[in-house]
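I have placed the structure first, in the form of C-alpha cells, so that the comments after it can refer back to it.
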Amino acid sequence: MKKVLTVDDDDDIRKVVSKLVEKTGYKAIEAKNGIEGMGKIKEDKPDLIILDVLMPKESGVRMYHELKTDESLKDIPVIMLSAIPKKSFLRSQKVLDEFAGQSVPEPEAYIEKPEEPKELIELMKKILG
Amino acid sequence: MNNKTKILIVDDDVDTVELLTKRFHAEGYHTSEAYDGEQALQQVEEYQPDVILLDIMMPKIDGYEVCKRLKGSEDTKRIPIIMLTAKGKIPDKVKGLGIGADDYIAKPFDYRELSQRVRYWTAVKIEVEERLREIKHLEHELIQSERLAAVGQTVASLAHYVKNILFGLKGGVYLVDEALKENDTDSLKDGWDLVESNMGRISGLVLDLLEYSKERKPEYEKCFPNEIADDVCKLTQESAKEYGIEIIKDFDPSMGEAVIDPKGIHRCLLNLVSNAIDACIYDSNEEKKWVVQVRTLLEDDGAVRFEVSDNGCGMDEEVKKKLFTSFFTTKEGRGTGLGLLNTQKIVQEHGGTITVNSQPGEGSTFTIRLPYRDVATQGVAEKESHQG
C-alpha cells in the first residue's frame with residue numbers, strides 16, 4: 001500500500017488529511033514539524049508528502065529545501081498545503097537556492113487552505129496513480 | 001583570530017596524542033585529548049570541539065561507535081570527524097565514511113596533510129553554521145512579513161485562524177457525505193468527529209470575542225491563590241511534557257486565603273501558562289532546556305502576585321507594543337489574538353495590573369498583581385450584591 005506523510009503542526013489538519021488519505025486507499029503517516037518529518041521520511045519512505053509551511057521547530061520552508069537537495073529523497077513528490085500564499089513560499093525557496101548554490105524544483109502541487117478536500121484527493125490520485 | 005579553533009584528539013596511543021598536541025599548538029590551535037571512546041564522548045560534550053581527530057582501534061568504545069553516536073545526535077552531527085588509524089586498507093576506509101566520518105587519514109600520516117584537512121574541515125563547519133543561521137533568519141523574516149506587516153496584522157491573523165478551521169470543517173463534511181453515500185458508519189463517525197472538533201474551535205473563538213466585548217464584574221470569593229495556580233499547572237502539564245517543557249511551581253508558603261474571583265483569575269493564569277508553553281514551542285534554539293515557571297507571592301501590603309516566566313522565544317519591542325491589541329497573534333493558525341486581551345481585562349476589573357518583561361531569544365515574564373481586598377467588607381457579601 002502506498003504511504004502518504006502529512007507534516008502539519010495543527011492537530012485537526014493532520015487528522016483531516018490523514019482521513020482523506022486513508023479514504024483514498026493509502027496508508028497515512030503523520031509528523032508535527034520538519035525535524036519529525038525528515039525522520040519519518042527516512043524511516044518510512046513515503047510515496048508522497050503533504051507539507052505545511054509555517055510550523056514551530058523546523059518549518060516547511062527549510063524542510064522542503066532539505067528534502068529536494070537530498071539525492072536519495074528528492075524524487076518523492078510533495079504537495080504543499082498551507083494558508084500561506086504560493087508566491088511567498090516560492091520566494092523563500094529562491095533565496096535558499098542562492099545559499100545552497102543549487103536550485104530546487106517547484107512542488108508537484110500547491111494548495112492554499114481552505115481548498116475543497118476533493119481537490120486534494122484528486123491530486124493524490126493523479127500523483128500516485 | 002580571537003576564537004581559536006578547538007581540536008579534540010582521540011587516540012589510545014599517548015605518544016601520538018602528545019606529538020599532535022605539540023604540533024597543533026605550534027600552529028595556534030587549541031586542543032584537548034581523550035584516550036578512549038568513553039572519554040571522547042564526554043570530552044565532546046564538555047569541550048565542544050570544532051574538529052575531531054578520531055582513532056579507530058581503542059579500548060572500551062571504539063572509534064566506529066564514537067563516530068556513529070556523534071553523527072546520530074542532533075547536537076553533535078555537524079562536528080567534522082577525521083578518522084585516524086593504522087588500518088589503511090580499503091574496506092576500513094569505506095566503513096569509516098559509511099558511518100558518517102567526514103574524512104579519513106591513514107597512519108603513518110604526513111602531518112602537513114593532516115593540518116590541511118583540519119583547516120579545510122574547520123572552514124566547512126563555519127560555512128555550514130553560517131548558512132544555518134541565515135536560514136533561521138530568513139524563516140523568521142518570512143513569518144514576520146506574512147504575519148504582521150503585509151496584510152495588516154489583525155484581520156489577517158483572524159482570517160488565517162478561520163481558514164484552518166474551515167479546512168477542517170470541509171474535510172469533516174466531505175467524509176460525512178462520502179460515508180452516507182457508501183453507508184460506511186466508521187467514516188461517518190470520523191467525519192462527524194472532525195466537524196465537532198472544528199465547531200468547538202469556532203465556539204472557543206466566539207466565546208473569546210464575547211468575553212472581550214462584555215462588561216463583567218468580578219465574582220469575589222474567599223479562596224486559595226496557590227490552589228488556583230496549582231490547578232493551572234496540572235492542566236497544562238501534559239501538553240508541556242509532550243514538547244519537552246518542564247513546568248516548575250514556586251508557590252509562596254505564606255500565601256493563605258485571599259478574596260479574588262477564582263474563575264476569572266484561573267482563566268488569566270491558564271492563558272499566561274499556555275502562552276509561555278507556546279513561546280517555548282516556537283523557540284528555534286533547540287539547545288535550550290525549556291522551563292515555564294509559575295510563582296505566587298504574598299506582598300507586604302497583602303496584594304497577591306502571580307508570575308509566569310518562560311525561557312522561550314521572547315518578544316521584540318514591536319511585538320510587545322502590540323501585545324494588548326485585539327486580534328494580534330504570533331501563533332501560526334492557532335491563536336485568536338484575544339487571550340491576552342481578555343486576561344488584561346479581567347485583571348483590570350479586579351483593580352489589578354498586568355505587566356510584561358521580555359527579551360527576544362531569552363524569554364518573557366508576565367506579572368499579575370491583585371490588590372488586597374478585605375474579607376469582611378468586600379468578600380462574599382459583595383459577590384451577592386452584584387448578582388442580578
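So that the names make sense, note that chain A is the first sequence line, chain B the second, and so on, each numbered from 1. Treat the numbers as computed from the prediction; the structure is a model and nothing was measured.
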(Q) For Glu238(B), I'd like to know if atom CD has over 12 heavy atoms of other residues, nucleotides or ligands within 6.0 Å. (A) no

Q.
Run the side-chain contact (heavy atoms from CB on, under 4.5 Å) test on Lys32(A) and Glu242(B) for me, step by step, so that the C-alpha distance in whole Å, both residues' side-chain angles and the decisive distance to 0.1 Å come before the verdict.
A. CA-CA 11 Å; Lys32(A) 276 201 281 273; Glu242(B) 199 184 319; 3.1 Å; yes

Q. Hey, which of Ile13(A), Asp52(A), Asp8(A) is the one that makes side-chain contact (heavy atoms from CB on, under 4.5 Å) with Asn164(B)?
A. Ile13(A)

**Q.** 4.5 Å side-chain heavy-atom contact, Asn198(B) and Asp12(A)
**A.** yes

Q | Lys289(B), NZ: over 12 other non-hydrogen atoms inside 6.0 angstrom | A | yes

Q | Flag if over 12 foreign heavy atoms under 6.0 Å of NZ, Lys68(B) | A | no

Q: Let me know if Leu166(B) has heavy atoms under 4.5 Å from chain A in its side chain, its backbone, both or neither.
A: both

Q | Heavy-atom proximity to chain A below 4.5 Å, by part of Glu182(B) | A | side chain

Q) Is there any residue in residues 17-30 of chain A with a non-hydrogen atom under 4.5 Å from a non-hydrogen atom of chain B, and which ones are they? A) Val17(A), Lys19(A), Leu20(A), Lys23(A)

Q.
Any carboxylate oxygen within less than 4.0 angstrom of a Lys/Arg side-chain nitrogen, looking at Arg201(B) and Asp11(A)?
A. no

Q) Are the side chains of Tyr174(B) and Ile121(A) in touch, meaning some heavy atoms are under 4.5 Å apart? A) yes

